[in-house]
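Notes follow the structure.
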Amino acid sequence: MKTHFISHRAQSIVFGLGLCGALTTNLVHAQTASPTSTITVQVNKPGAPVAKTMYGLFFEDINFGADGGLYPELVKNKSFETDDRLIGWKGIKGASALSTYTVSSQQPISEKNSHFLRLTATTASPDAGFVNEGFRGMGVKEGAEYTFSVYARRGPGNVGGLNVTIEEPARAQASGPEAPASGKVLATAKITGLTNEWKKYSVVLKPSATAAKARLKLTVDGTGTLDLDVVSLFPKNTWMKRENGMRADLVQLLKDMNPGFLRFPGGCIVEGVTLDNRYQWKETIGDVASRSPIINRWNTEFKHRFTPDYYQSFGLGFFEYFQLSEDLGAEPLPILNVGMACQFNSAELAPITAAGGPSAPAHDHAEDDPTLDTFIQDALDLIEFANGPATSTWGAKRVAMGHPAPFNLKYIGIGNEQWGPQYLERYEPFAKAVKAKYPNMNIVSSAGPSPGGELFDKASAKLRELKAELIDEHYYAKPEWFRENVGRYDNYPRTGPKIFAGEYAAQSVAIGSPDNKNNWDCAISEAAFMTGLERNADVVTMASYAPLFAHVDAWQWTPDLIWFDNLKAYGTPNYYVQKLFATNPGTTMLPVQLGNNAKNGQDNLFASAVADDKAGEVVVKLVNYSPQPRTVTLNLAGAKKLGKSGKAIVLASNDLQAVNSIEQPMNIAPKEEKFAVKSSTISYTLAPNSFTVLRVPGKR
């Protein structure tokens with residue numbers, strides 16, 4: 001993810017336009033087709049296999065993608081461990097019914113969770129308490145079950161219990177320290193049996209109505225002192241019904257894409273603004289209540305989307321990422337810090353030289369002044385956590401979390417989006433150490449944030465010299481860049497490192513602009529570019545759009561693949577482009593040639609093809625970037641045992657600026673129809689501004 005592309009690289013990349021569409025497709029006889037509209041697919045001359053990892057997912061905790069999104073905990077700052085201890089919390093009516101309230105660290109639950117909320121009421125009142133606002137409100141559904149849990153301890157006085165209420169505020173919550181006292185009650189319960197020792201209590205709440213902007217209200221029953229910590233309100237209806245599971249509708253959208261891999265946890269979030277702010281995977285495993293939150297590096301990055309309340313709770317940690325990968329049937333691809341903070345921010349570097357070296361004893365917690373050896377050891381320990389036996393130090397931690405079998409990790413990324421000699425001089429010993437202990441591990445290396453230029457060229461050359469396995473290339477640009485660069489990989493070396501198109505997305509206005517839209521112009525241009533990826537599947541073996549998620553009320557970056565609010569989610573036109581490629585990946589490349597030996601994309605016609613040997617079908621992908629319908633003649637050279645009919649899956653819109661939305665989630669979405677197949681020469685009319693997938697039964 002680029003943070004300051006406009007100011008740093010405005011001259012080095014082309015900017016972009018637009019989004020979505022609807023669709024129409026007609027099967028008619030060929031009329032006035034141009035010479036380029038004759039498309040020959042050499043079914044009998046197959047190329048290289050298409051990697052199972054060809055199309056995947058890039059996840060980063062930006063736009064409330066984790067907390068408030070994929071991770072469905074409804075309470076913000078549940079453990080009072082943020083820098084501002086009461087972020088997300090407000091006293092009712094200024095807590096006027098409380099004689100005192102404070103965030104204390106006196107005899108906490110644990111050293112890792114050292115702060116808690118202490119309430120003291122001298123007058124019994126239904127307003128003696130606090131409310132939590134959630135993540136731009138709390139989305140709750142009528143009749144659904146939500147588990148409320150809390151660690152509580154009774155102090156001096158006559159506290160009879162804790163009143164727990166889910167309610168819909170009667171008016172907008174105040175912006176100051178006060179919160180409205182009353183609202184529409186959706187569910188209520190009471191926690192009793194409190195003691196003077198910390199203990200976890202839980203109760204299930206079932207709202208009587210659906211609300212997108214509910215809140216949690218906690219009040220003291222009686223008078224006296226009550227301590228509260230690790231306050232949670234968690235839906236029972238999670239993916240796979242797991243206790244600490246993911247938001248089911250968002251995971252379903254991912255599952256429907258048939259992803260070949262899941263890259264996590266980012267993105268620039270891996271690097272941090274400083275090294276202290278970097279992502280440290282060891283801090284994200286184990287007991288959820290003991291995971292310490294840190295500020296999210298995207299919280300104040302953009303003045304146009306200033307979000308100082310954006311933290312990472314790490315309820316979604318590395319164990320959950322691995323588990324999600326397994327659920328999706330995707331290869332896990334963790335990205336690790338290479339000893340460099342984000343170069344668009346502090347560019348802080350960890351020193352390369354250390355006394356202990358990577359074989360020094362592992363530490364559970366980050367060192368105050370880590371050297372490169374610390375980062376290398378973290379990588380080695382991560383591989384052991386994912387793949388090691390129960391008898392190993394880190395494998396035992398995985399087993400203790402409930403996953404005895406290894407996660408079968410095959411890929412790791414060394415660094416996110418670094419560039420320059422600082423990266424290469426850290427990458428080389430890092431990769432050497434990983435390979436020395438795990439020679440079969442596939443390493444993803446960085447070519448930097450730009451798709452060209454001196455730094456890109458030097459990095460690519462050096463990584464080839466080092467025999468890198470996968471080079472990660474990123475491109476955010478205007479839609480026309482994607483159409484004009486469809487042949488980017490045609491002349492890449494066919495041997496040596498493979499390419500991971502790790503982050504890309506067409507930008508309708510400019511990189512980092514808050515006005516970017518996920519319109520059909522962007523999506524169809526990405527589809528055109530992806531035909532170039534598919535035609536070069538012997539070079540490009542992984543590709544993923546970025547970013548993945550965005551909350552409609554809490555985003556920092558746009559465009560994004562999937563948008564959601566507290567109750568609903570939808571896929572953009574870009575999502576459906578990605579889905580059509582990923583659900584029709586084929587198994588083997590097939591050579592494709594436009595008429596008159598035209599290049600792919602000439603006359604705004606783009607094409608690629610694969611054989612799906614498992615299904616016994618030929619799959620042809622076609623993009624007509626034209627406001628007019630276009631009749632094409634498809635010649636399936638050497639195809640055998642053709643069926644009598646094929647299937648067309650079409651995305652199209654006459655309006656290049658069209659978008660999907662919460663209100664119109666399927667404004668641009670795939671439509672299917674059958675077409676007749678009478679011979680190996682097929683006439684088909686492409687709709688205006690369309691991306692079409694044709695599946696024809698036939699063997700090679």
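Tyr504 is not listed as a side-chain neighbour of His474, based on a closest heavy-atom distance of 4.5 Å or more. Side-chain contact check for Ser544 versus Phe500: some heavy-atom pair is nearer than 4.5 Å. Here the side chains of Leu533 and Met54 are in contact, with some heavy-atom distance below 4.5 Å. Considering only heavy atoms from C-beta on, Asn63 stays 4.5 Å or farther from Trp563 through its side chain. Contact annotation: the side chain of Val620 never approaches that of Leu590 to less than 4.5 Å [non-hydrogen atoms, C-beta and beyond]. Put simply, the side chain of Leu333 reaches to within 4.5 Å of the side chain of Met542, judged on heavy atoms. Between Asp378 and Leu336 the shortest side-chain heavy-atom distance does not fall below 4.5 Å. Residues Phe318 and Phe264 form a side-chain contact, since some pair of their non-hydrogen atoms from C-beta on lies under 4.5 Å apart.
Ring centroids of Phe319 and Trp394 are separated by 6.0 Å or more, keeping the two rings apart. Not less than 6.0 angstrom separates the ring centroid of Tyr71 from the ring centroid of Phe314. Residues Phe385 and Trp281 place their aromatic rings such that the two centres sit under 6.0 Å apart.
When the salt bridge (charged side-chain N to carboxylate O under 4.0 Å, His left out) test is applied to Lys599, no partner is found at least two apart in sequence or on another chain.
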*asked:* Apply salt bridge (charged side-chain N to carboxylate O under 4.0 Å, His left out) to residues Glu331 and Lys52 and explain how you reach the verdict.
replied: CA-CA 9 Å; Glu331 295 288 350; Lys52 293 180 180 179; over 6 Å; no

*Start with the C-alpha gap between Glu473 and Phe456, add the side-chain angles, then the distance that decides, and say whether side chain to side chain contact (heavy atoms under 4.5 Å, CB included) holds.*
CA-CA 9 Å; Glu473 298 185 358; Phe456 173 87; 3.4 Å; yes

*Please lay out, stage by stage, how Thr558 and Lys517 fare under the test side chain to side chain contact (heavy atoms under 4.5 Å, CB included).*
CA-CA 7 Å; Thr558 186; Lys517 303 295 182 185; over 6 Å; no

*Given Ser450 and Leu455, is the side chain to side chain contact (heavy atoms under 4.5 Å, CB included) satisfied, shown in steps?*
CA-CA 8 Å; Ser450 308; Leu455 289 173; over 6 Å; no

*Walk me through it: do Asn536 and Ile499 pass the test side chain to side chain contact (heavy atoms under 4.5 Å, CB included)?*
CA-CA 10 Å; Asn536 289 282; Ile499 299 300; over 6 Å; no

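Taking 4.0 Å as the cut-off between side-chain N and carboxylate O, Glu60 and Arg297 do not count as a salt-bridged pair. Salt bridge present: Arg263 and Asp472 bring a charged side-chain N and a carboxylate O closer than 4.0 Å. A salt bridge does not link Arg535 with Asp490: none of the charged nitrogens is closer than 4.0 Å to a carboxylate oxygen.
In the model, Asp327 has no side-chain atom that pairs as donor or acceptor with a side-chain atom of Gln323 under 3.5 Å. Judged by distance alone, the side chains of Ser508 and Asp521 never bring a donor and an acceptor atom under 3.5 Å apart. Using a 3.5 Å distance cut-off with no hydrogens or angles, the side chains of Tyr55 and Gln578 do not pair a donor with an acceptor. In the model, Glu271 has a side-chain atom that pairs as donor or acceptor with a side-chain atom of Gln418 under 3.5 Å.
Aromatic ring pairs are classed by plane angle as parallel below 30°, tilted from 30° to 60° and perpendicular above 60°; the pair Tyr475 and Phe482 is perpendicular. The aromatic rings of Tyr321 and Phe59 sit tilted relative to each other, their planes meeting at an angle between 30° and 60°.
Of the residues Asn299, Asp61, Asp67, the one that meets the side chain to side chain donor-acceptor pair (under 3.5 Å) test with Tyr310 is Asp61. Remark: of the listed residues Ile376, Val444, Ile335, Ile443, Ile443 is the sole one forming a side chain to side chain contact (heavy atoms under 4.5 Å, CB included) with Ile414. For the pairing with Phe691, the ring pair (Phe, Tyr, Trp, His ring centres under 6.0 Å) check across Tyr576, Phe606, Tyr625, Phe581 returns one residue only, Phe581.
Here the CG-CZ distance, from Leu262 to Phe58, works out to 10.5 Å after rounding to the nearest 0.5 Å. Here CG of Asn574 is found 11.0 Å from CD1 of Ile562. Values are rounded to the nearest 0.5 Å. In this structure, the separation between CG on Asp613 and OG1 on Thr588 is 4.0 Å, given to the nearest 0.5 Å. A distance of 8.5 Å separates CG of Leu466 from OG of Ser445, quoted to the nearest 0.5 Å. For the atom pair Asn442 CG and Lys410 NZ, the distance stands at 9.0 Å (nearest 0.5 Å). In this structure, Leu70 CG and Phe549 CZ are separated by 5.0 Å, a value rounded to the nearest 0.5 Å.
Judged purely by atom type and a 3.5 angstrom limit, Asn277 uses its side chain to pair as donor or acceptor with the backbone of Ile295. Judged purely by atom type and a 3.5 angstrom limit, Gln343 has no side-chain atom pairing as donor or acceptor with the backbone of Ala341. A donor-acceptor pair under 3.5 Å links the side-chain atoms of Arg494 to the main chain of Tyr492, judged by distance alone. Between the side chain of Asn600 and the backbone N or O of Ala607 there is at least one donor-acceptor pair closer than 3.5 Å. Of the possible polar contacts, none joining the Arg426 side chain to the Leu349 backbone as a donor-acceptor pair under 3.5 Å is found. With hydrogens and angles disregarded, a donor-acceptor distance shorter than 3.5 Å links the side chain of Arg398 to the backbone of Ala405. A donor-acceptor pair under 3.5 Å links the side-chain atoms of Lys621 to the main chain of Asn584, judged by distance alone.
The two residues Ile524 and Ser690 come nearest to each other via the heavy atoms CD1-N, 3.5 Å. What you find for Tyr423 and Gly415 is that their closest heavy atoms are CE1-CA, 4.3 Å. When all heavy atoms of Arg278 and Asn337 are compared, the pair lying nearest together is CB-ND2, 3.6 Å. Taking both residues in full, the closest heavy atoms of Leu409 and Phe322 are given as CD1-CE2, 3.9 Å, listed atom of the first, atom of the second, then distance. The nearest pair of heavy atoms linking Arg464 to Pro497 is NH1-CD, 3.2 Å. Residues Met589 and Val50 approach most closely at N-CG2, 3.8 Å, considering heavy atoms.
Annotation for Lys432: atom NZ does not count as buried by contact number, only 12 or fewer foreign heavy atoms lying within 6.0 Å.
For the pair Arg305 and Trp557, the NZ or CZ position fails the cation-pi test of under 6.0 Å to the six-membered ring centre and within 45 degrees of the ring normal.
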